[in-house]
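Below you'll find the structure, written out as structure tokens, and then a few comments.
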2 protein chains.
Amino acid sequence: MRLTAKSEYGLLAMIYLASSLEDGPVSAREISEQQEIPAKFLEQLFVGLRQAGLVSAVRGARGGFALAHAPEDINVLAIVEALEGPLVATVCEGDRGLTCGRSGACAAAAVWNRATAALRDVFESATLAELVTAQDVIDSRPIG
Amino acid sequence: MRLTAKSEYGLLAMIYLASSLEDGPVSAREISEQQEIPAKFLEQLFVGLRQAGLVSAVRGARGGFALAHAPEDINVLAIVEALEGPLVATVCEGDRGLTCGRSGACAAAAVWNRATAALRDVFESATLAELVTAQDVIDSRPIG
DNA sequence: CCCAATCCTGACTGAAACAGTAGTGTTTGG
DNA sequence: CCAAACACTACTGTTTCAGTCAGGATTGGG
């Protein structure tokens, strides 16, 4: 339930990769410049994305990153969780288990759980394919 | 989009107040003990809740706090925003305006906005009245 | 072969936010 | 008058955030 710059940058990078499918591996530097993401920070993000199996890396000169799956098979939830860890309610259920002893026997917890479920649903139903299409529409629209 | 202990404690306190409607003002100390919330921390939360017009305070001996409106007229969104500030997407739209220059012309932003809207919807549709009812059901159910 | 481009790894850091704590003042019922 | 309660300000230790820094490993091209 905590979204940081990692998710923002990570999603931008993944959308960029998805719209560069044909171009072979894309370097982190290119993405960094085009999307205005700090280069070394972006490199760190790709560690998480690669470990999660969302991108494949090609090392060496002319190397770079590419999507490991089709854009329609990668959703935002996977990206967010790869970068931020499991998407759980930070409230009432932190890293060290339950904060309160009430477990499920707490009406407040039900609200936090509903909130988390709603977030998961939004993120899970948004695929890279959809976002690339949406971005294309935006970009092709006349300014103003 | 950032939920902290303030929201957790605050909601517990508000639920407690809602189930103590008949008892006149309830002291912060009582809530602190019953809900296991650090006393001085809880006091700070009531500052925000009072300024938001969600509770009314009675000073002096035998004083305390009470809901300023009927439980069905107070929703979780109001409580959360009273304690954490406006519920906006922390991603792509921070305190210092837009992080990127893309404004609305960004497919990624659409996802974050959808997420925020989903959260708002969950919180807005959950009232204290509902939560008290839910808590009563939980408490009256036999253990195990 | 060498070098530059590229990914990979780990440590480090300044600033901010989080989760309280401490101390003091003000009001008021008994 | 005094103890109980809210009100306000300031402080603090810890963690997270958002990067930065330094170097190592791998590879294509000249």
Side-chain angles (χ1 to χ4, degrees), chain A residues 1-10 12-13 17 20 23-33 35-52 54-66 68 80 83-85 90-92 94-96 99-100, chain B residues 1-10 12-13 17 20 23-52 54-66 68 80 83-85 88 90-92 94-96 99-100:
Chain A
M1 181 100 68
R2 170 182 294 147
L3 282 295
T4 71
K6 290 182 186 177
S7 292
E8 177 173 359
Y9 291 152
L12 289 176
L17 282 186
S20 311
D23 307 350
V26 180
S27 74
R29 184 183 49 76
E30 174 182 342
I31 301 174
S32 160
E33 287 169 0
Q35 297 292 321
E36 302 183 50
I37 303 171
K40 298 297 282 184
F41 195 45
L42 180 60
E43 252 182 67
Q44 287 187 338
L45 301 185
F46 272 117
V47 173
L49 294 171
R50 181 174 50 79
Q51 287 176 351
L54 297 179
V55 302
S56 56
V58 178
R59 302 179 64 156
R62 305 279 296 172
F65 298 94
V80 168
L83 296 170
E84 315 258 16
T90 54
V91 177
C92 199
D95 297 332
R96 54 190 182 290
T99 306
C100 57
Chain B
M1 182 102 68
R2 170 180 295 146
L3 282 295
T4 71
K6 290 183 186 177
S7 291
E8 177 171 358
Y9 291 153
L12 289 176
L17 281 186
S20 311
D23 307 349
V26 180
S27 73
R29 185 183 48 73
E30 174 182 339
I31 300 175
S32 160
E33 289 170 358
Q34 294 297 315
Q35 297 291 324
E36 303 182 50
I37 302 171
K40 298 296 279 185
F41 195 45
L42 181 60
E43 251 182 65
Q44 288 187 336
L45 301 184
F46 273 118
V47 172
L49 294 171
R50 179 173 51 78
Q51 287 176 350
L54 297 179
V55 302
S56 56
V58 179
R59 301 180 62 153
R62 304 281 293 171
F65 298 93
V80 168
L83 297 171
E84 315 256 16
V88 295
T90 54
V91 178
C92 197
D95 298 332
R96 56 190 182 290
T99 307
C100 56

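By convention in this document, chain letters (A, B, ...) are assigned in the order of the sequence lines, proteins followed by strands, and residues within each chain are numbered from 1.
- If you take CD1 of Ile31(B) and P of dA5(D), they are 12 Å apart, rounded to a whole angstrom.
- In this structure, CZ of Arg50(B) is placed 13 Å from C1' of dT26(C), rounded to the nearest angstrom.
- For the contact set between residues 37-44 of chain A and DNA chain D, defined by any heavy atom under 4.0 Å, the members are Pro38(A), Lys40(A), Phe41(A), Gln44(A).
- At distances below 3.5 Å, not a single donor-acceptor pair connects side-chain atoms of Ser7(B) with backbone N or O atoms of Val80(B).
- Following rounding to the nearest Å, Phe46(B) (CZ) and dC8(D) (P) show an atom-to-atom distance of 15 Å.
- Here Leu45(A) contributes atom CG and Phe65(A) contributes atom CZ; the two are 10.0 Å apart, rounded to the nearest 0.5 Å.
- The nearest whole Å value for the distance from the CD atom in Glu36(B) to the C1' atom in dG20(C) is 16 Å.
- The side chain of Arg2(B) contributes no N or O atom lying less than 4.0 Å from OP1 or OP2 of dA16(C).
- Looking at the side chain of Ala5(A), the nearest of the listed nucleotides dG28(D), dA18(D), dC8(C) is dA18(D).
- Within 4.0 Å (heavy atoms only), Val58(A) reaches sugar-phosphate atoms of the nucleic acid but no base atom.
- Heavy-atom nearest nucleotides on DNA chain C were determined for Lys6(B) and for Val47(A), and the one closer to the 5' end corresponds to Val47(A).
- Within 4.0 Å (heavy atoms only), Gly63(B) reaches sugar-phosphate atoms of the nucleic acid but no base atom.
- In terms of phosphate contacts, Ser27(A) brings no side-chain nitrogen or oxygen within less than 4.0 Å of OP1 or OP2 of dA5(C).
- When atom types are taken as modelled, the side chain of Ser20(A) and the backbone of Asp23(A) share no donor-acceptor pair closer than 3.5 angstrom.
- With dG29(C), dA5(D), dA19(C) as the candidates, the nucleotide lying closest to the side chain of Ala61(B) is dG29(C).
- Distances were taken from every side-chain heavy atom of Phe65(A) (C-beta onward) to each of dG19(D), dA7(D), dC7(C); the shortest belongs to dC7(C).
- We find that CD of Glu8(A) is positioned 9 Å from P of dA18(D), with the value rounded to whole Å.
- Spacing between atom OH of Tyr9(B) and atom C1' of dC18(C) amounts to 11 Å, rounded to whole angstrom units.
- Between dC7(C) and Arg29(A), no contact under 4.0 Å exists linking OP1 or OP2 to a side-chain N or O.
- With hydrogens and angles ignored, no donor-acceptor pair closer than 3.5 Å exists between the side chain of Arg59(A) and the base of dT6(C).
- Applying the side-chain hydrogen bond (donor to acceptor under 3.5 Å, both in side chains) criterion to Glu43(A), with sequence neighbours excluded, gives no partner residue.
- In this structure, CG in Leu42(B) is found 6.0 Å from CD1 in Ile31(B), a value given to the nearest 0.5 Å.
- If you take CG of Leu49(B) and P of dC6(D), they are 13 Å apart, rounded to a whole angstrom.
- Taking the six-membered ring where tryptophan is involved, the planes of Tyr9(B) and Phe41(B) are perpendicular, since the angle between them exceeds 60° and thus also 30°.
- When atom types are taken as modelled, the side chain of Glu84(B) and the backbone of Thr4(B) share a donor-acceptor pair closer than 3.5 angstrom.
- Ser27(B) places no side-chain N or O within 3.5 Å of a backbone atom of Gly64(B) that could act as its donor or acceptor partner.
- Taking atom CZ of Arg62(B) as the reference point, atom P of dG30(C) lies 7 Å away to the nearest angstrom.
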